[in-house]
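Worksheet: one structure, shown below.
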There are 2 protein chains.
Amino acid sequence: MLDSETKAVETPEDHAEELRLWLRLLTCTTLIEGEVRGRLRQRFDVTLPRFDLMAQLDKAPDGMTLSDVSKRMMVSNGNVTGLVERLVESGHLDRRTSDTDRRVQVIRLTKLGRAEFRRMAAEHETWIADLFADLSPKDVRELMRLLAKTKASAQKSAARRRP
Amino acid sequence: MLDSETKAVETPEDHAEELRLWLRLLTCTTLIEGEVRGRLRQRFDVTLPRFDLMAQLDKAPDGMTLSDVSKRMMVSNGNVTGLVERLVESGHLDRRTSDTDRRVQVIRLTKLGRAEFRRMAAEHETWIADLFADLSPKDVRELMRLLAKTKASAQKSAARRRP
DNA sequence: ATCAATTTCTTTAGGCTTCAAATAATTGGC
DNA sequence: GCCAATTATTTGAAGCCTAAAGAAATTGAT
């Protein structure tokens, strides 16, 4: 007993399993993301970040602030500024300064933006279904559960570092 | 019976579960990736793509071609060209033209590159372990299994589209 | 041996992304 | 009211990334 404890302290711990898990998680995401990116470009000539941003706004009929968007998308503020600029330019987004706080920009989908997004989203959903087609409903449920646990664990770890 | 079949054809199928699964998968990856990126920058002033490239080379003592790297990392050729340029410039990589095929560039870690990578990798492994800390060994095994299934499913779907 | 097809890599143009610093507006304590 | 701290966003520099086109070398079929 003491021996095994001693050994655990002296030798660096083996985390190869977690490392492999992380690489596999990354591979899955990269694979699917690349596939979705390619299909969006091919079918609709739209980029994935634009689609993602529109997806956020579609869920918020009253609009969102840039900060909200950047938190939800887990990207930097500066990133959102540029994305929004281009989407306003192309007529998909409407941007206005908040009446109550002049620092805040509220963005919404325009009619055009919403129509285009809905059209893309319908097809997008079938792509995703196809990409996950070989997973049984039980697999899906189980993956959901384990990824929820993973997310919680990672958030806890991140909070430990940056409280 | 006929009714349910008819209905299945008439109404668009519901793939909301798969969509949620995909979003959760993406969230987990983004979360962990962002955390790793930040720690690499903070502790070693290195970017994640550079670290990833060095990780590939560390596993290949005899070097790799640029194509090999781009396939393994699942990024474009042009991307690798630029990454390698900067890593050669900083003295971490050695690049030489193959003796047998003058199209091919073989890259290796330099002594410096290997030393720095090993130092970073050791710490990196503990970060990953910490990020996944709340998962039991059984969870890890189960996630590995389900992600393997996911990867296979996605590859099959991708191949269906681009045979 | 020839040459079309393929493979490997680079280049280009454009967009995405981060980090850090700067700007502008609001809030809260006094 | 004043001003320091905070919050929301933008800007700038650097690097990452893709898609598509192009250059150079090899391969293979004839």
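In the text below, chain A, chain B and the rest are named by the order of the sequence lines, each starting its count at 1.
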NA contact type, A:Thr81, heavy-atom cut-off 4.0 Å: base, sugar-phosphate, or nothing?
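A:Thr81: base contact, heavy atoms under 4.0 Å.
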How would you label the contact of B:Asp101 with the nucleic acid (heavy atoms, under 4.0 Å): base, sugar-phosphate, or nothing?
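Contact class for B:Asp101: sugar-phosphate only.
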Atom CZ in A:Arg39, atom CH2 in A:Trp127: separation rounded to 0.5 Å?
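Between atom CZ of A:Arg39 and atom CH2 of A:Trp127 there are 7.0 Å.
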Going by distance alone, is a donor N or O of one side chain under 3.5 Å from an acceptor N or O of the other, for B:Gln42 and A:Arg161?
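Looking only at side-chain atoms, A:Arg161 and B:Gln42 do form a donor-acceptor pair, the distance falling under 3.5 Å.
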Length of the line joining [X]:[atom1] and [N]:[atom2], which is rounded to integer Å:
X: B:Asn77; N: D:dG22; atom1: CG; atom2: P; answer: 17 Å
X: A:Ile107; N: D:dT9; atom1: CD1; atom2: C1'; answer: 12 Å
X: A:Glu85; N: D:dT10; atom1: CD; atom2: P; answer: 7 Å
X: A:Leu66; N: D:dT7; atom1: CG; atom2: P; answer: 17 Å
X: A:Lys71; N: C:dT18; atom1: NZ; atom2: P; answer: 15 Å
X: B:Leu40; N: D:dG15; atom1: CG; atom2: P; answer: 17 Å
X: A:Gln42; N: D:dA19; atom1: CD; atom2: P; answer: 10 Å
X: A:Asp45; N: D:dT18; atom1: CG; atom2: P; answer: 17 Å

For B:Phe51 together with B:Phe117, are the ring centres under 6.0 Å from each other?
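Distance test on ring centres: under 6.0 Å, yes.
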Just to confirm, is there a sub-4.0 Å distance from OP1 or OP2 of [N] to any side-chain nitrogen or oxygen of [X]?
X: B:Thr47; N: D:dC16; answer: yes
X: B:Ser67; N: C:dT7; answer: no
X: B:Arg95; N: C:dT10; answer: yes
X: A:Arg102; N: C:dA24; answer: no
X: B:Arg86; N: D:dC16; answer: yes

Please pick, from [options], the nucleotide with the shortest atom-to-atom distance to any side-chain atom of [X].
X: A:Arg41; options: D:dA19, C:dC16, D:dT9; answer: D:dA19
X: B:Arg37; options: D:dC16, C:dC19, D:dT10; answer: C:dC19
X: B:Ser76; options: D:dT11, C:dT11, D:dT18; answer: D:dT18
X: B:Gln105; options: D:dA8, C:dT10, D:dC16; answer: C:dT10
X: A:Arg103; options: D:dT9, D:dA8, C:dC9; answer: D:dA8

Apply side-chain contact (heavy atoms from CB on, under 4.5 Å) to B:Ile107 and B:Asp94, showing your working.
CA-CA 5 Å; B:Ile107 55 176; B:Asp94 173 76; over 6 Å; no
Cluster overlap A:Leu109 with A:Val104, hydrophobic side-chain contacts below 4.5 Å
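Result: no, two separate clusters.
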Please determine whether residues A:Leu57 and B:Leu19 belong to a single hydrophobic cluster, defined as Ile, Leu, Val, Met, Phe, Trp and Tyr linked transitively by side-chain heavy-atom distances below 4.5 Å.
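As far as the 4.5 Å side-chain criterion goes, B:Leu19 and A:Leu57 are connected within one cluster.
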Could you pick out which residue, B:Gly34 or A:Gly82, lies toward the 5' side of DNA chain C when each is mapped onto its nearest nucleotide?
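Taking each residue's closest nucleotide, the earlier one in sequence belongs to A:Gly82.
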Judged by each residue's nearest nucleotide on DNA chain D, which is more toward the 5′ side, A:Asp68 or B:Thr100?
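Looking at DNA chain D, the more 5' nearest nucleotide goes with A:Asp68.
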Of A:Gly38 and A:Asn79, whose nearest nucleotide on DNA chain D comes first from the 5' end?
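Nearest-nucleotide comparison on DNA chain D picks A:Asn79.
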